[in-house]
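Residues: numbered from 1 along the sequence shown. Order of appearance sets the numbers: ligands from 1, and atoms from 1 within every ligand.
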Amino acid sequence: MSRLLLVLASYSTLPAVLGQVQTREDALRCAAEPWGRYSASGGLYTVRGEKYIYTFSGDTRSHEDNRGGVVSTNWRFRLSGNGTKCWERLADSPAAVGYRSTATVLNGTHVYLFGGGDTSFAATGHFWRYSLLENIWQELLPSEVQGPWPSERYKHATVKLSETKMLLLGGRRGTTVLSDAWLFDLERMAWSLVGSNILQVYRHGMTYDPRRQVVWINGGLDGNRQRYGSQLWLWNVSTYEIELVPTEGPGPSRLASHAAEYIEALDALLFWGGTCSDDVQLYLYNIATSSWCAVYAANRPDRRDAMVWALDYPKFYTAQGDLICHNFGIYPISDVHMFDFAAPGQGWQMLYEPRNERGRGTEAYCDGTNRGSCQPQPLLAERSSRLSQPEGCESGYMDSLSSWTTTTLLDTPTTTTLPNTSGTPAWGSACRTVVLSACIFGIVTLW
Ligand SMILES: *[C@@H]1O[C@H](CO)[C@@H](O)[C@H](O)[C@H]1NC(C)=O
Ligand SMILES: *[C@@H]1O[C@H](CO)[C@@H](O)[C@H](O)[C@H]1NC(C)=O
Ligand SMILES: *[C@@H]1O[C@H](CO)[C@@H](O)[C@H](O)[C@H]1NC(C)=O
Ligand SMILES: *[C@@H]1O[C@H](CO)[C@@H](O)[C@H](O)[C@H]1NC(C)=O
């Protein structure tokens, strides 16, 4: 078929840069910008009526200059409301927390984080409580918590089962891959071991399905530190029994440090990122039919893993992470992207483009030449939407792909270079304005 170009929305008659909501110029208005980082923990939390994506600590080390390390700096990025969106620095944590500690909000107001790696990349058993309203960190000590204490670990995962309960599985300590599972009960202020041999796994995607009261698990690495294949596990949290689920279709394979969410409105699972071997597609798993769908929305962000992400359906956000696929080096970043299931025709939208090589005001400005770890590749590397796999499967979740397309181009648009932001695009005249119902972000970049 001819190449389809997904046309991005624009305000009135002014065409916008494909997929870009805020530019580096907008970012310059912000007071500060974090260094790019990966293996932070965090998520989307609502604080005093505003929605933010929070990120706690992480590792800023980059192969660009071999500087950085596991940090104790914490940030949030406002998602709701109008005006320029900025990263805001929060109170430092009492210690550096890297390698995917887990951040779970319980009882609405406090984030609970267990484990993670320290500045020398050793696994810890720290248990932190961060107050969203007061921006205060507190360490929870074994003397304040009943029951046994989970061993030190990083790259494990937790899910929230209720406002007072979170469940933790796996992780790694040195060369040991853990298979135990723990329940934290805030009301009893107690940890309890719920299984010592559930599944040897770390860097896995794990999400709670309240409809079935099960946890779904995909990807990650096994006891030999090799990536799992396409397995999907269903873990019953009544019995703590785990089983493999037979699935059909082009599912994700060998993902690690990826995003995992259960989408209640679709009764489906979402997985994204965590490999160089795919095309940054969204993987949706239809639970009722046990079938996979891979959706290639336009303007897919550059490949990465170990990012933070958040689902606020119909919007899915991702921020930061490690641009792993450039010579398999470590290139941390501080961008923010969003995909709106209610407006899939817009493709992914970049809400924040980093302004600095390492994402902080004191560093050399990133000049758009793709030097430096701010942008080893175009951040919006994938310009075009593609057929979903299997063809048409996306229509089970949103508008079918054919309805996303507002024009067909005769010329193949370039897919490897950045748009020339100082002039009119060659294919600009082909663009047709479409409704931009979801553009709540106020600022749209002009060509
Ligand atoms: C935010 O922007 C929307 C859309 O332009 C507008 O309707 C709304 O009044 C604005 N809100 C504020 C608080 O400025
Ligand atoms: C839950 O939050 C309420 C209101 O802030 C507080 O009074 C209560 O102590 C909290 N419960 C627990 C178990 O932390
Ligand atoms: C989980 O286990 C309980 C108790 O055996 C059972 O009733 C329930 O059907 C199981 N859930 C699933 C989704 O298999
Ligand atoms: C970008 O567009 C401007 C204005 O059309 C033009 O002067 C400039 O040469 C273009 N730059 C590149 C790199 O194509």
> For residues T73 and R37, is any side-chain donor paired with an opposing acceptor at under 3.5 Å?
Replying inline: yes
> Taking any residue with a non-hydrogen atom under 4.0 angstrom from an atom of ligand 2, which ones do you get?
Replying inline: N107, L186
> Salt bridge or not for R227 and D222, using N-O below 4.0 Å?
Replying inline: no
> Do the two ring centres, one from Y397 and one from F341, sit under 6.0 Å apart?
Replying inline: no
>> If the cut-off is 4.0 Å to any non-hydrogen atom of V214, which atoms of ligand 3 fall inside it?
In response: 13 (C)
>> I'd like to check which ligand 3 atoms, numbered from 1 as shown, lie under 4.0 Å from a non-hydrogen atom of T239.
In response: 2 (O), 4 (C), 5 (O)
>> Under a 3.5 Å distance rule, please check whether H126 uses its side chain to pair with a backbone N or O of V97 as donor and acceptor.
In response: no
> Does the pair R61/D322 count as a salt bridge with the N-to-O cut at 4.0 Å?
Replying inline: no
> Hey, would you say the F114 and F184 ring centroids sit under 6.0 Å apart?
Replying inline: no
>> Within ligand 3, which atoms have a heavy atom of N236 less than 4.0 Å away?
In response: 1 (C), 2 (O), 3 (C), 8 (C), 10 (C), 11 (N), 12 (C), 14 (O)
>> Donor-acceptor pair, distance only, cut-off 3.5 Å: does the side chain of E144 make one with the backbone of L141?
In response: yes
